[in-house]
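Below: one structure, written as structure tokens.
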Amino acid sequence: MCGIVGYLGLKDAREIIINGLKRLEYRGYDSAGIALKDCDSNHFSVFKDKGRVAHLESITDYTFQSCLGIGHTRWATHGEPNQVNSHPHNSAKGRFFVVHNGVIDNYKELKSTKLKETVFESDTDTEVIAHLIERYSYKMSVSEAIRKTMSLLEGSYALAIIDTEDPNHLYACKNKSPLLLGINDDGIIIASDVMACVGYSTQYVPLEDKTFVEIDGASYTIKDIIGKEVPHEIKTIDIDYFNIEKGEYSHFMLKEINEQPAVIRTIINEYFDGDKVILNGKTSEAIAMSDRLYIIAAGTSMNAGFIGRELFEKMANIPCEVHIASEFAYNMPLLSKKPLFIFISQSGETADLRAGLVNIKAKGYRSLTITNVKTSTLAREADNFVEIHAGPEIAVASTKAYTAQIVILAILAYGLSDKHIDLRKELSKVAISIENIIDKKDYIEQLVKEYLTKRNCFYIGRGIDYYSCLEASLKLKEISYIQTEGFAAGELKHGTIALIEKDTPVIAIISQRSINKNTRSNLNEVKSRGAKTLIISTRSIHESDDQIVIDDVFELFSPLLTVIPAQFIAYYAALERGYDIDKPRNLAKSVTVE
Ligand code: F6R
């Protein structure tokens, strides 16, 4: 993970880098650092420490002007988050500063073969890069030294590099980790994500793997690893500045929960012409031609995938499997004759998914990515992609991307369905019903105070509600740190019921008439063992003491509603405990390591 921002130009490098890092904190926030050159001298200053970018800002010297710098916000992979392991890292003689996003798989081997004499300061894999570049810079130009180093690195990297002996240049290169250039007449930004450039650049250049960039103020050259210039595409930044600010909300997560009805309406506008679905013909054709769909995803996106499976199988009669991306990449199941692989990813950068995509591409299979980031690696590398149009999702805990992914999956499944529903109308109904739940958020906050009093919790449900329970429990555990399990209600009695004791919170999701009675009898089983039960049910099957009653919608769309109270439950449980809701511990939003 980690976020990188670098700048060389006429503007204030410190402001651009610090603001950029704040926007990239979703990529990791264990520690942060910056190296800046003083405009009036050849002096470079480094500020870095464990903690957030706000802390970095407070320890950075603001008394000098700077037009060149590189910064980093870290999600630790090698070495604990402390001052020494924070980036930038410096080469042995102090000539090069390097910030890195990715993992160098062969760093130990490089240490023992190429850098035997070097004394290492940190526990990171990154430090080998700084030392190698310096070592080769004695024998060749800096560009060649960086490209030579690239040729030795195995693994993933996005790098921004400063040569303190030549402050008129800034260097960058990448393989597997995302990196782009934000371009402007008065300077060039290097960043892990276009969000860091919003407000400073209107155009950007996404970089391909194994490319190297040399920047000298207003111009840049992009080369491949052997030094041959490569063509590139300049794209327009179309992210609205207000979309990446919290506005009136106390947290991005609260803002993003509230945005869900608007996101559904945006998707309707994007993918409907009147009552007709308009999708890229190749996408529909790819699904229709396949004999089995394989959804590959991680975390919340995988939970959306489970709902997708129900939609494809029940609406469109297409067999569908869901696979954990990190498992699928190296342990492929027996495949059908005409498989289609659907990669679902909010960020479009998740390394576990990319490993799977690389594998299936090598075997000649077809792929489709469903993502929120149309410029992402997974969008670029799959045969087709569908954008979910959720808008930038900043909170680490995914909310609106999950509902948007399900809506897109519903649209794809509907395209092949013989069910005659008015999809546009049904989705519009869902948007209104979500607003009805949002209106009850204060009441849900009270329920959280009353029910979520323990260190553990269970969500139980059956059928499609079970998959909603998986997402509900992931949301709760990741931001409130309450140990939560999503369980198939009928399975509890086969062992896990042993964990139920007095006042253990058990939350049931019941949205399907066919399993209503069964789930309620499982609830009675836990109640009689002391559990405190809270029920989320739909109006037509609710009972008088169910605490959260939601509207009835087309049954297969109920997960789009049942998840909303669960998102609020997670939010208020974390708020009650005083945790950092948007940046929960140990997590990062874009998981670019395997
Ligand atoms: C949970 C969450 C994660 C992500 C997972 C996959 O709230 O956000 O579980 O869903 O890391 O990320 P993407 O969807 O970007 O591939």
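Values below: all heavy atoms of this structure, side chains included; hydrogens, waters and symmetry mates excluded. Remember, it's 1-based here, ligands and their atoms both numbered in the order they're listed. Here the structure is a predicted model, which means the values were calculated and not measured.
At a heavy-atom cutoff of 4.0 Å, ligand 1 is contacted by the side chain of Lys475 but not by its backbone. In Thr300, the parts holding a heavy atom less than 4.0 Å from any atom of ligand 1 are both the side chain and the backbone. Contact annotation for Glu478 and ligand 1: only side-chain heavy atoms (C-beta onward) come within less than 4.0 Å of the ligand.
Under the side chain to side chain contact (heavy atoms under 4.5 Å, CB included) test applied with Ile548, the options Ile509, Ile535, Leu447 reduce to a single match, Leu447.
At distances below 3.5 Å, at least one donor-acceptor pair connects side-chain atoms of Thr371 with backbone N or O atoms of Gln346.
Among residues two or more places apart in sequence or in another chain, the ring-ring contact (aromatic ring centres under 6.0 Å, His included) test is passed with Tyr107 by His78. Checked against ring-ring contact (aromatic ring centres under 6.0 Å, His included), Phe458 has no partners two or more places apart in sequence or in another chain.
Ligand-side atoms of ligand 1 in range of Ser345: 13 (P), 14 (O), 15 (O), 16 (O), range being under 4.0 angstrom from any heavy atom.
In this structure, Phe554 has its ring center closer than 6.0 angstrom to the ring center of Phe557. Taking the ring centroids of Tyr294 and Tyr365, they lie at or beyond the 6.0 Å cut-off.
Ranking protein heavy atoms by distance to atom 5 (C) of ligand 1, first place goes to Ala298 O, 3.7 Å. Atom 12 (O) of ligand 1 has as its closest protein heavy atom Thr350 OG1, 3.5 Å. When hydrogens are left out, the protein atom nearest atom 8 (O) of ligand 1 is Val396 O, 3.3 Å; that is the closest non-hydrogen contact.
Using a 4.0 Å heavy-atom cutoff, Met302 is absent from the residues neighbouring ligand 1.
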